[in-house]
**Student:** 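Quick one: this structure, given as structure tokens, is what I'll be asking you about.
What you see is a predicted model; the values in this text were computed from it and never measured. Start at 1 with the first residue, then count along the sequence.
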Amino acid sequence: MAHVLILGTGGTIAGTGTDPDRAWAYQAAQLGVAQLVAAVPELAAIPLATQQVAQIDSKDMAWPVWQALAQALDAAMQDAAVEAVVVTHGTDTLEETACLLHHLHDGRKPIVLTAAMRPATASDADGPRNLRDAVRLARMAAGLGLGGVVAVLHGRVWAGTDVRKSHSHALDAFDGGGAVPLALLDDAGGMLASAGAAAQWGTWPRGEAMGWTLLSAPTPPRVEIVLSHADADGWLVDAALRQSALDATAGEAHRRAQALRGLIVAATGHGTVNTGLEAALQRAAAQGVVVWRSSRVARGGVTPREGDAWPAAGTFTPAQARVALQMRLLAQRPPLTSRMAPAV
């Protein structure tokens with residue numbers, strides 16, 4: 001029987017505390033994904049399967065967890081009985097995982113991420129509604145032949161490349177960095193507006209189809225994020241270059257990490273960089289490090305302009321841009337959409 005597969009990775013949605021009225025006092029990743037499903041009565045009549053891929057606080061998201069998730073998704077894409085996949089996740093790094101999956105997925109089936117800002121034991125727990133909405137959305141998308149990666153949180157559906165956390169503790173904590181939602185859901189999970197009903201809700205994403213095996217690399221390329229700010233003089237960039245050089249000459253037993261391959265600049269405004277930091281970035285680029293510019297501003301991103309020293313990362317957040325550059329370095333291929341930075 002066709003069913004929705006729910007993959008659990010932990011997060012606040014699976015968190016528990018001892019006092020329902022002190023929602024901030026909890027421990028993430030305590031409940032299994034099957035327990036989360038059992039707590040949502042509306043899901044009882046829907047054909048579902050669950051799989052626990054990881055059980056972590058998403059602040060600790062790491063390459064091995066992404067590898068396990070990619071393996072599970074690869075298997076789900078090849079399983080004819082799976083019509084769609086829902087991923088339960090923590091909110092802290094959801095935008096990075098969504099961006100990663102967008103780059104790998106070929107869009108043949110919908111992948112819907114969801115999360116929660118309150119633990120499962122909170123009096124105002126939002127996880128049950130978000131999980132219900134995610135499953136219903138996944139089934140609807142599958143029925144319409146829509147694939148791609150999206151996230152559903154607090155009644156809003158976001159493209160996987162747009163979604164980002166914009167509030168540290170509110171229930172309505174996510175937006176699209178200036179992009180509009182793909183759809184709005186009512187309190188019962190019904191569709192208020194969607195891409196199929198009104199053009200202003202955007203276009204359902206499909207994915208860049210880089211392939212799940214891209215994550216078979218034992219470690220990702222080292223890409224770091226640096227911030228342009230008052231008095232930024234490039235000290236961190238130069239320190240990273242020195243350490244990278246030391247690692248390159250050290251024996252395997254003493255090597256601390258991979259050589260630096262890329263830098264994402266969280267730039268001021270529309271991609272401007274402090275002169276001191278800019279000089280250090282030029283030194284990094286001269287040593288073969290790929291430099292991309294994103295913005296530390298919440299909305300608008302960075303668009304390419306004539307005379308730019310380094311590529312613009314479009315509307316990606318610095319964290320998303322880091323993931324995107326890692327995928328480009330692994331694949332050694334040019335970008336597939338105009339929103340991405342130029343080929344490395």
**Student:** Strictly under 6.0 Å, is that where the ring centroids of W212 and H105 end up?
**Tutor:**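 Ring centres of H105 and W212 closer than 6.0 Å.
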
**Student:** Answer whether the closest heavy-atom distance between the side chains of V290 and R261 falls below 4.5 Å.
**Tutor:**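 Contact flag for V290/R261 side chains = no.
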
**Student:** Start with the C-alpha distance between E96 and R164, add both sets of side-chain angles, then the distance that settles salt bridge (charged side-chain N to carboxylate O under 4.0 Å, His left out), and finish with yes or no.
**Tutor:** CA-CA 9 Å; E96 295 172 65; R164 71 277 316 269; over 6 Å; no

**Student:** Where the side chain of T93 meets the backbone of S58, is there a donor-acceptor pair that is under 3.5 Å apart?
**Tutor:**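 It does hold such a pair.
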
**Student:** Among side-chain atoms of Q258 and T219, is any donor-acceptor pair under 3.5 angstrom?
**Tutor:**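 There is such a pair (donor and acceptor under 3.5 Å, judged by atom type) between the side chains of Q258 and T219.
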
**Student:** Report yes if some heavy atom in the side chain of D126 is under 4.5 Å from a heavy atom in the side chain of H154; otherwise report no.
**Tutor:**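 The answer is no; the side chains never approach within 4.5 Å.
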
**Student:** Counting distance only, does the side-chain N/O of W63 pair as donor-acceptor with the main-chain N or O of A217 below 3.5 Å?
**Tutor:**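 Side chain of W63 to backbone of A217, a donor-acceptor pair under 3.5 Å: yes, one is there.
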
**Student:** Going through the distances and angles, do R206 and D106 end up as a salt bridge (charged side-chain N to carboxylate O under 4.0 Å, His left out)?
**Tutor:** CA-CA 7 Å; R206 282 201 56 84; D106 63 3; over 6 Å; no

**Student:** Got a donor-acceptor contact below 3.5 angstrom from the Q30 side chain to the G15 backbone?
**Tutor:**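 Answer holds: no.
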
**Student:** Are a donor atom and an acceptor atom from the side chains of T317 and E95 found within less than 3.5 Å of each other?
**Tutor:**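 Short answer, yes.
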
**Student:** With sequence neighbours excluded, give me every side-chain hydrogen bond (donor to acceptor under 3.5 Å, both in side chains) pair touching residues 266-284.
**Tutor:**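 Those involving residues 266-284 are D238-R283, T268-T272, H270-T303, H270-R305.
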
**Student:** Is it true that W66 and T97 share a donor-acceptor pair across their side chains at a distance under 3.5 Å?
**Tutor:**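 Result is yes, a qualifying pair exists.
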
**Student:** How long is the straight-line distance from CD of Q52 back to CG of L31, given to the nearest 0.5 Å?
**Tutor:**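 So the gap between those two atoms works out to 9.5 Å.
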
**Student:** If Ile, Leu, Val, Met, Phe, Trp and Tyr residues are connected whenever their side-chain heavy atoms lie under 4.5 Å apart, and connections chain through other members, are L263 and L329 in the same group?
**Tutor:**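 No; L329 is not reachable from L263 via cluster members.
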
**Student:** Nearest 0.5 Å, what's the CD-CZ distance between E224 and R222?
**Tutor:**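 Reported value, rounded in 0.5 Å steps: 5.0 Å.
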
**Student:** Ion pair present between K165 and D175, side-chain N to carboxylate O less than 4.0 angstrom?
**Tutor:**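 D175 and K165: not salt-bridged.
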
**Student:** Could you tell me whether a side-chain N or O of N130 sits under 3.5 Å from a main-chain N or O of A116, the two making a donor and an acceptor?
**Tutor:**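 Judged by distance alone, no pair lies under 3.5 Å.
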
**Student:** Is there a side-chain contact between L7 and L69, using heavy atoms and a 4.5 Å cut-off?
**Tutor:**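 In contact.
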
**Student:** Report yes or no: does T9 contribute a side-chain atom to a donor-acceptor pair with the main-chain N or O of A54 at less than 3.5 Å?
**Tutor:**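 Side chain of T9 to backbone of A54: no pair is present.
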
**Student:** Quick one, L100 with M327, criterion side-chain contact (heavy atoms from CB on, under 4.5 Å). Give me CA distance, side-chain angles, the key distance, then yes/no.
**Tutor:** CA-CA 8 Å; L100 174 85; M327 295 302 100; 3.6 Å; yes

**Student:** With side-chain contact (heavy atoms from CB on, under 4.5 Å) as the test, pick out the partner of I6 among T88, V85, L36, V112.
**Tutor:**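 For I6, the side-chain contact (heavy atoms from CB on, under 4.5 Å) check succeeds only for T88.
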
**Student:** So do the side chains of W292 and W310 get within less than 4.5 Å of each other, counting heavy atoms only?
**Tutor:**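 W292 vs W310: side chains apart.
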
**Student:** Which pairs with one or both residues in residues 307-321 pass salt bridge (Lys or Arg N to Asp or Glu O under 4.0 Å), sequence neighbours excluded?
**Tutor:**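 Sorted pair list: R293-D308.
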
**Student:** Verify side-chain contact (heavy atoms from CB on, under 4.5 Å) between M77 and I111, making sure each step is shown before the conclusion.
**Tutor:** CA-CA 10 Å; M77 295 304 114; I111 299 174; 4.1 Å; yes

**Student:** Of the options D19, T121, T18, T12, which is the one that meets Y26 in a side-chain hydrogen bond (donor to acceptor under 3.5 Å, both in side chains)?
**Tutor:**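 The residue from D19, T121, T18, T12 that satisfies side-chain hydrogen bond (donor to acceptor under 3.5 Å, both in side chains) with Y26 turns out to be T12.
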
**Student:** For the hydrophobic clusters of this structure (ILVMFWY residues joined by side-chain heavy atoms under 4.5 Å, transitively), does one cluster hold both V150 and V4?
**Tutor:**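 Hydrophobic grouping puts V150 with V4.
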
**Student:** Run the numbers on L73 and L101 for side-chain contact (heavy atoms from CB on, under 4.5 Å), then give the verdict.
**Tutor:** CA-CA 9 Å; L73 286 166; L101 299 184; 3.6 Å; yes

**Student:** Would a distance-only check, ignoring hydrogens and angles, find a side-chain to backbone donor-acceptor pair under 3.5 Å from Q55 to A14?
**Tutor:**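 Such a contact is absent between Q55 side chain and A14 backbone.
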
**Student:** Given salt bridge (charged side-chain N to carboxylate O under 4.0 Å, His left out), test K109 with E83 step by step and report yes or no.
**Tutor:** CA-CA 7 Å; K109 298 177 184 180; E83 61 178 350; over 6 Å; no

**Student:** To the nearest 0.5 Å, how far apart are CG in D60 and CG in D92?
**Tutor:**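 Going from the CG atom of D60 to the CG atom of D92 covers 9.0 Å.
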
**Student:** How far does NE2 of H103 sit from CG of L215, to the nearest 0.5 angstrom?
**Tutor:**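 Result: 12.0 Å between the selected atoms.
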
**Student:** Determine, stepwise, if the pair H89 / M61 fulfils side-chain contact (heavy atoms from CB on, under 4.5 Å).
**Tutor:** CA-CA 10 Å; H89 200 284; M61 184 56 66; 3.4 Å; yes

**Student:** For the residue pair L182 and P205, establish whether any side-chain heavy-atom pair is separated by less than 4.5 Å.
**Tutor:**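 Of all side-chain heavy-atom pairs linking P205 with L182, at least one is under 4.5 Å.
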
**Student:** Should R118 and D124 count as an ion pair when the cut-off is N to O under 4.0 Å?
**Tutor:**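 A salt bridge links R118 with D124.
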
**Student:** To the nearest 0.5 Å, what is the distance between CZ on F174 and OG on S166?
**Tutor:**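 Here the rounded value is 8.0 Å.
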
**Student:** Is it the case that the side chain of R296 and the backbone of A266 share a donor-acceptor pair, with hydrogens and angles ignored and the cut-off at 3.5 Å?
**Tutor:**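 Not confirmed, R296 side chain does not pair with A266 backbone.
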
